[in-house]
Every structure is written in C-alpha cells, then in structure tokens.
Participant: 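Sharing a structure, written as structure tokens. Questions coming.
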Amino acid sequence: MRQSTLFGRTLREAPAEAQTSGHRLMLRAAIARPLAAGLYTWLPLGFRVAKKVEQIIREEQDRIGAQEMEMPVLTPAEVWKQTGRWDALEPITFRTIDHNGREFMVSYTHEEFVHLHAKQELQSYRQLPQIVYHFQSKGRDEARPRAGLLRVREFVMKDAYSFDADQAGLEKSYAAEHGAYERTFARMGLDAISVESDTGAMGGDVAHEFQVLTEAGEDRIAICPNCDYKANLEKASRSIDTYIVAGSELPPPSEIATPSTTTIEALEASLKQPATAFLKTLLLREAKGTLVAVVLPGDRDINEAKLRKVLGTTEVKFANEGDFAAAGSVPGFSGPIGLKVRTLIDRSVDARPYIAGANKRDAHLRNVVSGRDFQGEQVDAHDVREGDLCPRCTVGKLTIKRGVEVGNIFAYGTYYSDKMNATFVGEDGTAKPFFGGSYGIGVGRSVQTIIETHHDDKGIVWPPQVAPFQVHLIALPVNDEDVRSKAEKLVDELERARVEVLYDDRDESPGVKFADADLIGIPLRVTVSARNLKQGQVEIKSRSAAAMEMVPLAFAAEKIAGIVRSWPR
RNA sequence: CGGGGUGUAGCGCAGCUUGGUAGCGCGUUUGGUUCGGGACCAAAAGGUCGCCGGUUCAAGUCCGGCCACCCCGACCA
C-alpha cells in the first residue's frame, strides 16, 4: 500500500474534544473519524485493525465449537414485547416504523431473536449443546457517548449465545467462553482481567466482565492483592468485623440540639466526632415512585447499582421536599427512628450506639442502636472503597482501579426461554426450557483500549497481531531514482512473501515521515535511504524498542519476513 | 436526564469586556531551493463567525430562543 494514496491523513494536533490519550491518538493517526456524537467511521487504517481484532475473536469462538451466523440490525417489536424489554429498553434504544406502521428496534442485542431461532432449529436434547455467534451493529442511544470509541451509540459487537439442556451444561459452555475470552484478549495484546459483575439489564445470576485496567476506563474495580477476588464496584462487597455491644446496658436515645447542622461534615465539626459516629439516612424514590429509606454509617456512600438490584428497580432518585413529610421526616435531620416508609439497613451499620437524625428540625439523637431502637431489612448497598477488607480471604485490603469493560459473559439460565416458551424435547419426552448464556465483545472499544494501553509520547505502539500493517517502509528521499527503485523492489519482495507493507512514498521531509511512522505505530520500520544505500544497507527498527539494525539490502527481504513470521499470531 | 463548558478557514486558537476593515500558527495550492527527526523562500486559495430572531445607522461582539459538540454524574460492549 502506497501511503501517498492512503485515504485518511494524520493530524499534527488532535481536535480539542479528544480527552484520553487513546482518543487523541486514534484521531491523529487516522484510525477513525467522528460523524456525530457517538457515531464513528473507520478509516482504512483503523478498519484493518478492526478486521484483525474480529478475526482473532472469530478464531477463538470457532475453536470452542461456536458457529458464526448473522441476525438483522432491525428487529420487530412483537418479539421484544414477549420478554417485556420493548418497554424496559425504551429510553436507550433507537426505533422506527415501516410504511405499514409496524414497529422495529435497531437491535440493542439479540437474545430474543436467537431464542426464536433456537426454538425452530433445536428441537431435541440430542442437538445440544450449541453456541452460535455473530458480529453485528448494535444501537444504543447512550445518554452520554464518551472518549471516542470507548462509549458510542452504534458499534459492532461479537455476541455469542449458548444453549444447553440443563444448568450443568450451561456451566460448561460458560467456562468454555470464559476460556475463549482469556485467549482472545491475550492475542489482541489486552491484559484483560475477569471480574465479577452485576447482571444489569440482561437478567440472570452469574456474570463476569473482562476489564482492562486503564485510567481512561469508566468502571471502578475492586481488586484483592492477597487472593483472586476481583469485582466491579456495582457488585463488590467487603468483609466486616461484627461489633456487638449488649443493648440493655446502654442508655436509651436522647435528643441533642443541632441547629442548622444538616450534613455529616457539619456534624463532625460541631460535635467533634468522626463520621463513623453518625448514621446517614437517605430518603429515596424508586422507579414506581415508592419511597424507601436507607440507613448507612456516616462515612459510607450508597452504591446505586447495588441498591437498584436490592430493590429490583430500574431507577433510584433522591426524594423531594414533599416526600420527607410523607415519610415522617425533615430534610437534613432524617433518622431511622419513627420513619413511615420501608427501611433498609446497610450491613455496614454496626450494633452499637450512633448519633442519628431525630426527624425533626434542628435535632439529632444520641445512643441510637440498630435492632433495639429501629428495625429494617439488612441489605448490602454501600460503596466499597480503597482499603476495605476482601470479602473472600477477609485479610487482603482492596485496591480500586479504573477499567474498560471490553467483554462480558452472562449465564442467565431459563430467563429468556421461560418468557418466550423456547423449549426442546428432553430425554424423558417432555418439553424443557433452554439454559442459556450470552457473551459479548465490543470490537471498536477493544481497538481503542489497545491504543489506550499501547502507546508512548510519540504515538501508538501496535501489538503486531492487530497492527494495520506489519512493516512501514520509508523511502528517503523519494525523488532519488536509485532510492525509489530499490525501495519499491523491496516492497515488492516483501509483499510476495505475504508481509503487509505500508510504503511511505510521499515527497515529505524525513522528520515528517519518521514522526508519522511513530504516530501510526506499525511494529517494524524499514528505512531505505540514499545515505545507507552507499553502504548497500537498509535500516530496520522496531517501534517498541530504541535500537536499530543495519542489514545488507540483498538480505533485507528475507530478514524482515523472518522477523514478521516470528511474531505471535 | 441533572450539573458545567465550548461553537470564528481542514486542525489548533485570538478577536467578544469597550459594536465600525475577520486575524495568527499549522495544513492546502503553485514555483523554486532542500532532504535522517514535524525544512526554507516567494506567491495564492480558503470564512453564511453554529442557526433563527431582536436591538442598532452598523452585530463575530449586545439581548432572546434553538441546535450541535465536549466534560462530570446516572447507564453499557
């Protein structure tokens, strides 16, 4: 490929909106271009990377016996209505109607449709297990697209779906996909870790996310340095020492005046007590408008994802002024005693005396003890933080890192087959529901995550397996006939040896060419220059190392092809 | 959807406070010189100042509305 004819130019400066280093490099190196918020076009260089990433995913899916197929982007409403997701997904999906007024959704994902097909194609337990997958554009009207390709509104996802006769079979399929994911990400050069995750909108119980730790990520991951516990903060828990004080020996709650002291910070300052001495009582409103109170220690924050899961709701908001009166409380002075709403007590609240709001203006109560003075459902709804004890080994102190979720796997069991009446005939001759799982990988997100984690201050440093080209051959200067003819002969020899070469034949200064080579980040740089040809040599340099090597022109093609063949595939 | 910010040439920005000729750098085009780390000289092209309305003799600048994009938060591959 001649660089002079490449569609897509490198940018010396990145557009101001690009924030993360991966986003800036993606734009500068002509990998992709924005079309609208959260919608991107792959330029030829980026598309070559995307295709290589896809191919790695494909090979690893095929290796575990999954079969590739393809389902449409446009999906009919009736099927979504069977599982209730037509309404549930309303806020974040793109929809349209055809000329007859029939409703369609730009596919958010394809569980409903693959179950429809499974029902038609898989009629007997003898045909199980099965895994099918496809690469398809998925549409998600994200409220906030972010950081280039990391969070977009239309993206190609590899989505695989497993069908098994029972739970044990599902666990096997799940484990097979888990293994395939580990190999897939390793081959792309991504150091992805498997973490426990919340099942979110997909339903089901068991789920793992594959997270690549990088500051550009938007998820927070708790990691135990002592054992193998790793979990998304939406799911993470912690070990808590039980702290019991005999209730009968303690004085009953007594009121203290706390004029205009409405926050934990203000209470700490005026009462000279640490945040842990207080109880925080949050009054919240769930999707249906029901009020609920959550009691937490003063130093703990609520984790909305965990709370939503506990409540089985899609949305949680803070209560408004009027809600406080209805709950028998006062904003700024809410406490757990005497509340007239459902009360949840976070498990990090100890059985010891706390200072809590009195539910009346300018007053708090001292010696408030959970279980003695107020009752509620015990839940886990607090945000785990740095330094908390690992819930698994109970001794490791959790660290918290940011990560990008490049893939996830769910075992949802019969969630969809029950709703859709998707069954097969079992060994005993009766209809049984499929046990299913789904397994996604975002292609574009993976590509940008590779950039986020493989670059230096000059540009991208592609892992060879996914690089847009294997060799970047630079002719210097290109208008020197001898240089040009020898460079082109070398390009030709390399291409015949099936090496992918980007040939920089542009009439540009050496500085521009080297800077672009560093920016684009092709693993091997070969320079054919007038200077080196005097000694009959060409220069070979790896993008990832400083050293360069001189090779006689006559052996260059063989040498370069040998290096390329030695790379992992 | 809540909070914040930005829209001026392909990209990066100044000009707006205090209304009066739309500017700088990079890039692009032409000619010449140069050629191992983002060269130099000369000439040139390129703008409905996000959109609509208002105020004014006069609006990039002031006022109102809308739109787009970015960042933080809630959601996902």
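Each chain gets a letter, A, B and so on, in the order the sequences are listed, and its residues count up from 1.
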Participant: Could you verify whether a donor N or O on one side chain and an acceptor N or O on the other, from A:Glu405 and A:Asn408, lie under 3.5 Å apart?
Facilitator: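 Judged by distance alone, the side chains do pair up.
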Participant: Give the rounded distance in Å between these two atoms: CD of A:Glu218 and P of B:G73.
Facilitator: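 Going from A:Glu218 (CD) to B:G73 (P), I get 9 Å.
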Participant: For a quick check of understanding: with a heavy-atom distance under 4.0 Å over all strands, which category does A:Ala475 fall into, base, sugar-phosphate or nothing?
Facilitator: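 It contacts nothing in the nucleic acid.
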Participant: Would you say the ring centroid of A:Phe210 lies under 6.0 angstrom from that of A:Phe185?
Facilitator: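 Ring centres of A:Phe185 and A:Phe210 closer than 6.0 Å.
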Participant: Tell me: CD of A:Glu215 to P of B:C72, nearest whole Å?
Facilitator: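 Those two atoms, CD and P, are 12 Å apart.
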Participant: Taking atom C1' in both B:C71 and B:U33, compute the distance separating them and give it to the nearest angstrom.
Facilitator: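 My reading of the C1' atoms in B:C71 and B:U33 gives 47 Å.
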Participant: With both distances under 3.5 Å as the test, what is the Watson-Crick or G-U wobble partner of B:U6?
Facilitator: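 Looking at the geometry, B:U6 pairs with B:A68.
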Participant: Are A:Tyr181 and A:His208, when compared by the centres of their aromatic rings, separated by less than 6.0 Å?
Facilitator: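 They do not qualify: ring centres at least 6.0 Å apart.
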Participant: Is there a donor N/O on one and an acceptor N/O on the other, under 3.5 Å, for the side chain of A:Asp480 and the base of B:C35?
Facilitator: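 For A:Asp480, whose side chain was compared with the base of B:C35, there is no donor-acceptor pair (under 3.5 Å).
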Participant: Which comes earlier along RNA chain B counting from the 5' end, the contact point of A:Glu405 or that of A:Ala14, where each point is its nearest nucleotide?
Facilitator: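 Mapping each residue to its closest nucleotide by heavy atoms, the 5'-most match is A:Ala14.
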Participant: Please report the distance separating the C1' of B:A42 from the corresponding atom of B:U6, rounded so that it comes out in whole Å.
Facilitator: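 Their C1' atoms lie roughly 38 Å apart.
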Participant: Measuring only the C1' atom in each nucleotide, how far is B:G37 from B:G73? A whole number of Å is fine.
Facilitator: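 Going atom to atom, C1' in each nucleotide, I get 44 Å.
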Participant: Considering only the P atoms, how many Å lie between B:U34 and B:C51, rounded to the nearest integer?
Facilitator: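 Nearest-Å result for B:U34 against B:C51 at atom P: 47 Å.
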Participant: Measure from the side-chain heavy atoms of A:Met548 and tell me the nearest of B:A77, B:G38, B:G36.
Facilitator: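 Nearest listed nucleotide: B:G36.
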Participant: Applying the Watson-Crick and G-U wobble criteria at under 3.5 Å, what pairs with B:A39? Answer none if nothing qualifies.
Facilitator: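 Paired with B:U33.
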Participant: Check every atom of B:A77, B:C76, B:G36 against the side chain of A:Met157 and return the nucleotide holding the closest atom.
Facilitator: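 Closest nucleotide to the A:Met157 side chain: B:A77.
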Participant: Name the closest nucleotide to the A:Val152 side chain, picking from B:G36, B:G37, B:A77.
Facilitator: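 For the A:Val152 side chain, the nearest candidate turns out to be B:A77.
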Participant: Indicate whether OP1 or OP2 belonging to B:C72 is found under 4.0 Å from a side-chain N or O atom of A:Arg144.
Facilitator: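 It does, given that an N or O in the side chain of A:Arg144 lies less than 4.0 Å from OP1 or OP2 of B:C72.
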Participant: Could you please name the option among B:G38, B:G36, B:C69 that lies closest to any side-chain atom of A:Ala36?
Facilitator: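 Side chain of A:Ala36 sits closest to B:C69.
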Participant: Who is the Watson-Crick or G-U wobble partner of B:G47, with both distances under 3.5 Å?
Facilitator: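 In the structure as shown, B:G47 has no Watson-Crick or wobble partner.
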Participant: Does A:Leu476 reach a base, just sugar-phosphate, or nothing at all? Heavy atoms under 4.0 Å.
Facilitator: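 Base, at least one base atom sits under 4.0 Å.
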Participant: Across all strands shown, which nucleotide pairs with B:C24 by Watson-Crick or G-U wobble geometry, both distances under 3.5 Å?
Facilitator: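 B:G12 is the nucleotide pairing with B:C24.
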Participant: For atom C1', what is the distance between B:A14 and B:G23, given to the nearest Å?
Facilitator: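 Looking at atom C1' only, B:A14 and B:G23 are 7 Å apart.
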Participant: When you get a sec, tell me which of B:U34, B:G38, B:G37 is the closest nucleotide to the side chain of A:Val512?
Facilitator: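 Closest nucleotide to the A:Val512 side chain: B:G38.
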Participant: Would you kindly check if the NZ (Lys) or CZ (Arg) of A:Arg95 is within the cone defined by 45 degrees around the ring axis of A:Trp86 and under 6.0 Å from the six-membered ring centre?
Facilitator: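 A:Arg95 over A:Trp86 ring: yes.
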Participant: Taking pairing as Watson-Crick or G-U wobble with both contacts under 3.5 Å, can you name the mate of B:G73, or confirm there isn't one?
Facilitator: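 The answer is B:C1, by the H-bond criterion.
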Participant: What integer distance in Å separates A:Arg506:CZ from B:G38:P?
Facilitator: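 Atom-to-atom, A:Arg506 to B:G38, this comes out as 15 Å.
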Participant: Searching all strands shown, indicate the nucleotide that pairs with B:A59 (Watson-Crick or G-U wobble; both distances under 3.5 Å).
Facilitator: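 Here B:A59 is not engaged in any pair, so there is no nucleotide opposite it.
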Participant: Scan A:Glu539 against the nucleic acid and name what it touches under 4.0 Å (heavy atoms): base, sugar-phosphate only, or nothing.
Facilitator: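 Base: the residue A:Glu539, judged by heavy atoms under 4.0 Å, touches a nucleobase.
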Participant: What does B:G19 pair with, Watson-Crick or G-U, if both distances are under 3.5 Å?
Facilitator: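 With both distances under 3.5 Å required, B:G19 matches none.
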Participant: When the C1' atoms of B:C66 and B:A22 are compared, how many Å lie between them, rounded to an integer?
Facilitator: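 To the nearest whole Å, 26 Å.
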Participant: Quiz question: going by heavy-atom distance under 3.5 Å, is there a donor-acceptor pair between the base of B:G36 and the side chain of A:Ser529?
Facilitator: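 Such a pair is found, so the answer is yes.
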Participant: Which whole-number value in Å describes the distance from A:His472 NE2 to B:G37 P?
Facilitator: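 Going from NE2 in A:His472 over to P in B:G37 covers 17 Å.
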Participant: Could you state the atom-to-atom distance from CD1 of A:Ile540 to P of B:G36 in whole Å?
Facilitator: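 That distance rounds to 20 Å.
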Participant: What nucleotide, of B:G36, B:C76, B:G12, holds the atom closest to the side chain of A:Glu13?
Facilitator: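 Nucleotide nearest to A:Glu13's side chain: B:G12.
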Participant: Given atom CD of A:Gln537 and atom C1' of B:G36, what is their separation to the nearest angstrom?
Facilitator: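 Distance check: A:Gln537 CD to B:G36 C1' gives 15 Å.
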Participant: With nearest nucleotide decided by heavy atoms, which residue, A:Arg525 or A:Asp219, maps closer to the 5′ end of RNA chain B?
Facilitator: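 Result of the comparison: A:Arg525.
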Participant: Please indicate whether A:Lys541 has more than 12 foreign heavy atoms, meaning atoms of other residues, nucleotides or ligands, lying under 6.0 Å from its NZ.
Facilitator: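 Yes - once you tally the heavy atoms of other residues, nucleotides and ligands closer than 6.0 Å, there are more than 12.
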Participant: Could you tell me whether A:Arg153 contacts a base, only the sugar-phosphate backbone, or nothing, with contacts defined as non-hydrogen atoms closer than 4.0 Å?
Facilitator: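 Nothing: the residue A:Arg153, judged by heavy atoms under 4.0 Å, touches no strand.
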Participant: For the ring pair A:Phe469 and A:Trp462, is the centre-to-centre distance below 6.0 Å?
Facilitator: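 A:Phe469 vs A:Trp462: aromatic centres not under 6.0 Å.
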Participant: Is atom CZ of A:Phe47 surrounded by more than 12 heavy atoms (other residues, nucleotides or ligands) closer than 6.0 Å?
Facilitator: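 Open: at most 12 neighbouring heavy atoms sit under 6.0 Å from CZ of A:Phe47.
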Participant: Counting only side-chain N and O atoms of A:Arg146, is one of them less than 4.0 Å from OP1 or OP2 of B:C72?
Facilitator: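 Checking B:C72 against A:Arg146, a side-chain N or O does come within under 4.0 Å of OP1 or OP2.
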Participant: What is the nucleic acid contact for A:Thr527, judged by heavy atoms within less than 4.0 Å: base, sugar-phosphate only, or nothing?
Facilitator: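 Since a base atom lies under 4.0 Å of A:Thr527, the category is base.
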Participant: With rounding to whole Å, what would you report as the distance between B:A77 and B:C49 at their P atoms?
Facilitator: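 After rounding to an integer number of Å, I get 44 Å for this pair.
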Participant: Decide whether A:Asp159 and A:Gln136 meet the rule of one side-chain donor and one side-chain acceptor closer than 3.5 Å.
Facilitator: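 A:Gln136 and A:Asp159 do not have a side-chain donor-acceptor pair below 3.5 Å.
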Participant: Is any N or O donor-acceptor pair between the side chain of A:Glu508 and the base of B:G38 shorter than 3.5 Å?
Facilitator: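 For A:Glu508, whose side chain was compared with the base of B:G38, there is no donor-acceptor pair (under 3.5 Å).
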Participant: Rounded to the Å, how far apart are A:Leu149 CG and B:C70 C1'?
Facilitator: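 My rounded result for the distance is 16 Å.
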Participant: Take atom C1' in B:A59 and the same atom in B:U8, then report the distance between them in whole Å.
Facilitator: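 Looking at atom C1' only, B:A59 and B:U8 are 14 Å apart.
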Participant: Remember a base hit wins even if backbone is also touched, and classify A:Asn532 as base, sugar-phosphate or nothing at under 4.0 Å, heavy atoms.
Facilitator: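 The residue A:Asn532 makes base contact.
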Participant: Strictly below 4.0 Å: does A:Arg12 bring a side-chain N or O up to OP1 or OP2 of B:G27?
Facilitator: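 For B:G27, OP1 or OP2 has a side-chain N or O of A:Arg12 closer than 4.0 Å.
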Participant: Decide yes or no, distance alone: a donor-acceptor N/O pair under 3.5 angstrom between the base of B:G10 and the side-chain of A:Arg33.
Facilitator: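 By the distance-only test, no, there is no pair.
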Participant: Against A:Arg300, only a single residue in A:Asp388, A:Asp346, A:Asp383 fulfils salt bridge (charged side-chain N to carboxylate O under 4.0 Å, His left out); can you say which?
Facilitator: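 The option that passes is A:Asp388.
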Participant: Whole Å only: how far is the CG atom of A:Leu519 from the P atom of B:G37?
Facilitator: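 Atom-to-atom, A:Leu519 to B:G37, this comes out as 18 Å.
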Participant: Between B:G36, B:C76, B:A39, spot the one nearest the side chain of A:Ser509, thanks.
Facilitator: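 Minimum distance to the A:Ser509 side chain belongs to B:A39.
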Participant: Identify which nucleotide among B:A39, B:C70, B:G36 has an atom closest to any side-chain atom of A:Phe514, counting heavy atoms from C-beta outward.
Facilitator: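 Closest of the options to the side chain of A:Phe514: B:G36.
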